[in-house]
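Worksheet for the structure shown next.
All residue numbers refer to positions in the sequence shown, counting from 1.
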Amino acid sequence: EERAWTPIAAENGSFRADALAGGYAFATFEATEATTLVLEASGHSLVYVNGVPRPGDPYGYGFVRLPVPVRAGRNEFLFAVGRGGFSARLVAPPSVGPYFLNADDTVPDLVVGVSERIVLGIPVVNPTDEWLTDLVAVASTTEGAKVTTALPAIAPHSVHKARIEWDTPAASEPKAVSLEVRLEERPAEGEPVLLASRTVELRTVTAESRRNETFTSRIDGSAQYYAVVPALPRESAGRPGLLLSLHGASVEASSQAAAYTAKDWATIVCPTNRRAYGFDWEDWGRLDALEVLNHAQRRFRTDPRRQWLTGHSMGGHGTWQIGAHESDRFAAIAPSAGWISFRSYTGGADFPATGVGGLLMRAASPSDTLALKDNYARLGIYILHGDADDNVPVAQARTMRGVLGGGSGAFHSDFAYYERPGAGHWWGNECVDWPPLTEFLQRRSLPDPSSIDRVSFVTSTPSVAAESDWVTIAQQVEFLKPSRVEIALDRAKRTISGTTVNVARLGLEVDLDGDPGELTISLDGVTLTAAEPEGGDRLWLARDGDTWKAAAEPTPAEKSPERGGPFKDAFRSRMILVAGTAGDDATDALLLAKARLDAMTFWYRGNGAIEVTTDAAFDAAADRDRNVILYGNADTNSAWSALLGPCPVLVKEGSVKVADEEIAGGDLAALFVYPRAGSDTACVGVVAGTGPAGIRLTERLPYFVSGVAYPDLTVLAASTLVDGLAGIRLAGFFGNDWSVERGTWAEGEAMVPGP
């Protein structure tokens, strides 16, 4: 349809119009001279400043203050707006040089009597045209404790949330601590130069107090936090359990923890989902919850057999989701006012089941909660919902009640269900701290691992969930379709028997009493013998057509749970973003702008701290086992060959070649993941265009959004923005050996237009 531009005026500092619900706002600004200003805007999803994409603030957090260069004369701003309104203003930066953003700190609470190294996240702003290098942050107090942390290079006109370390003194009483943080440049030769400084206030609390803890995330090296309500002193022996509680949309972890009274039977741990909205407890939100679970287990020495999962609203969805993927880690789960999946909650048309649409649906299959419902069979489940909920309809809870125990396909015997009469979405702290719910959890424990002789497990992909008890699904026959194992161990007879669906490689970790001997394995009607693995090793089996045979674990040259795709998998392990500089000036600027956009979008959506560099500055020999996101193609990014080696995908100016097939065009974008050359564990995510229009297309392809997914490789034309699926030229999954020949692919001519 044609849309007309109409004038709009600000009211009380904000712009509102019906056309801005999924529309655009265009504005100009006349500058008397070229300079850098700070754009303070909120309510938009993206803004182009003189054609350069910059991240928005769709959730209205208010801390997004972007340094933007303006030129003398006319400057153009194009805002993409989603919810009908936004606000924006330009102000002078507080400094012409680097400075700390006085907002969005991630800090822990200190504990009386505890001296330890802590991490903080403090945003650093580079308002200049130059890269900031040789940076350190120095944290100190008047008592003299001082720690210096080396920082990565910071791109021009960007914000990087620096992870800063400090050794805390052992305070004798609760009190406020003023921590001075200095940003210094320390060149290899010459004296340190002070660039900026600020004070950060920290609380000191007693060991029994509710508080915030921080840790370093292995995803991106950032400082993340979670809130904890320590267990009350116990009269009985033994360690307390751990109750992992997931917050709802717009709620902070600290607020979630404040809804609970302390228990003597559990430490209550509330992760963040990386932000108040974050990732709906999927993707990096799920990874954050698991990182917090592991960190809190170690820090608070909880009982690993007494772990429970609960959450409210979006956190209720996270409870269904994480409970399905990680069912062997929790004794029971308790979703409150939770929605099942994006499709059940928001609706929306399906892509076609075949062709490219089918592969896109498969890439998003980890979001399909009900496809994993059989994993709930081992869990105690308590469902809580208000019957007058106007946010998450009670039909979501009733559907799950029917799935678990109320219909012809019912399979669950250990669940409880309660609808609160007349209750809406949030009816007080009892929405999470509901006595019957917490008592239900308290009564359940995980079985002794040595007693588990039967395993029933389904996974959407090994990259999300590969293990359950002593079974590992390492590879699939059909990628990102549900894989299933039903298997039993007879310890006395030394036999293993079972069935599989869509499993290409299976690992079994069994430890029988007595001297190691032979095992007889009957799998899908095929019988074979194998030596019992020793010392925690796995026995590996591989499917060979219609039969099974003994095999080795996946080699680094094969797909594995640690490195198996799809595309977004490249962003989960200490990635560094490498922008190409081997093209012309205009192309180089586009690539750096896209890398900076991704880094700052992940800061906004995921409290992230991704490093950005250029191919000229990137050292491929260093940090060989870090994931790399490569921006550009083989002609415009000089790191292409060193990182990708013999990759069957070659993107150049004007074409994308996949094995022997070449797709021509200067408006193509390619997103794909492939093993990093020279590393057994790392991978490369490629964000490439075949020309300026292709690079521009990558600016509009979201991937830091839950529910949005791409296969291992997707090649799109610019017409995708108008024609939907019909603009996608090729999509698919590499084979388990990362080959094209053994992969699964769909081409553009087989497609139909999508929604």
Quick check: [Y] with [X] (ring centres under 6.0 Å apart)?
X: F279; Y: F704; answer: no
X: W745; Y: F734; answer: yes
X: W5; Y: Y24; answer: no
X: F733; Y: W738; answer: no

- Item | Non-neighbouring partners of D569 that pass salt bridge (charged side-chain N to carboxylate O under 4.0 Å, His left out), sequence neighbours left out |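 Per chain and number, D569 pairs via salt bridge (charged side-chain N to carboxylate O under 4.0 Å, His left out) with R572.
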
- Any pair counted as side chain to side chain donor-acceptor pair (under 3.5 Å), so long as it reaches residues 646-658, sequence neighbours left out: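 Checked against side chain to side chain donor-acceptor pair (under 3.5 Å) - neighbours excluded - the pairs reaching residues 646-658 are N633-E653, S655-E662.
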
- Task: Applying side-chain contact (heavy atoms from CB on, under 4.5 Å) between D220 and each of F602, F571, W284, report the one that passes.
- Result: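 The option that passes is F602.
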
- Sort and list the pairs that fulfil salt bridge (charged side-chain N to carboxylate O under 4.0 Å, His left out) and have at least one residue in residues 25-51, not counting sequence neighbours.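 Those involving residues 25-51 are E40-R89.
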
- Query: Is the shortest heavy-atom distance from the side chain of R563 to the side chain of P675 under 4.5 Å?
  - Reply: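 A side-chain contact exists here, since the closest heavy-atom pair is under 4.5 Å.
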
- Validation row: V687, F567 side chains within 4.5 angstrom (heavy atoms):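 In short, these two side chains touch, coming nearer than 4.5 Å.
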
Salt bridge check, [Y] against [X]: does any charged N sit closer than 4.0 Å to a carboxylate O?
X: R54; Y: E699; answer: no
X: D712; Y: K559; answer: yes
X: D104; Y: R275; answer: yes

- Query: Just by distance, with hydrogens left out, do H44 and D57 show a side-chain donor and acceptor under 3.5 Å apart?
  - Reply: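 The criterion, which ignores hydrogens and geometry beyond distance, is not satisfied for D57 and H44.
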
- Say whether E76 and T28, considering side chains only, have a donor N or O and an acceptor N or O under 3.5 Å apart.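 The criterion, which ignores hydrogens and geometry beyond distance, is not satisfied for T28 and E76.
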
- Message: The test is side-chain contact (heavy atoms from CB on, under 4.5 Å); show your working for F77 and Y48 and say whether it passes.
- Response: CA-CA 6 Å; F77 295 76; Y48 283 92; over 6 Å; no

- Message: Run S679 and D625 through side-chain hydrogen bond (donor to acceptor under 3.5 Å, both in side chains) and show every step you take.
- Response: CA-CA 6 Å; S679 173; D625 290 327; 2.6 Å; yes

- Task: Determine, stepwise, if the pair K481 / S483 fulfils side-chain contact (heavy atoms from CB on, under 4.5 Å).
- Result: CA-CA 6 Å; K481 285 189 173 182; S483 297; over 6 Å; no

- Message: Below 30° counts as parallel, above 60° as perpendicular, anything between as tilted: where do the rings of Y710 and Y703 land?
- Response: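 If you compare the ring of Y710 with that of Y703, the planes turn out perpendicular.
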
- Query: Can you list the steps and then say if S158 with N126 is a side-chain hydrogen bond (donor to acceptor under 3.5 Å, both in side chains)?
  - Reply: CA-CA 5 Å; S158 68; N126 179 3; 5.2 Å; no

- Would you please test E282 and S367 for side-chain hydrogen bond (donor to acceptor under 3.5 Å, both in side chains) and show each step? CA-CA 7 Å; E282 300 190 22; S367 293; 2.4 Å; yes

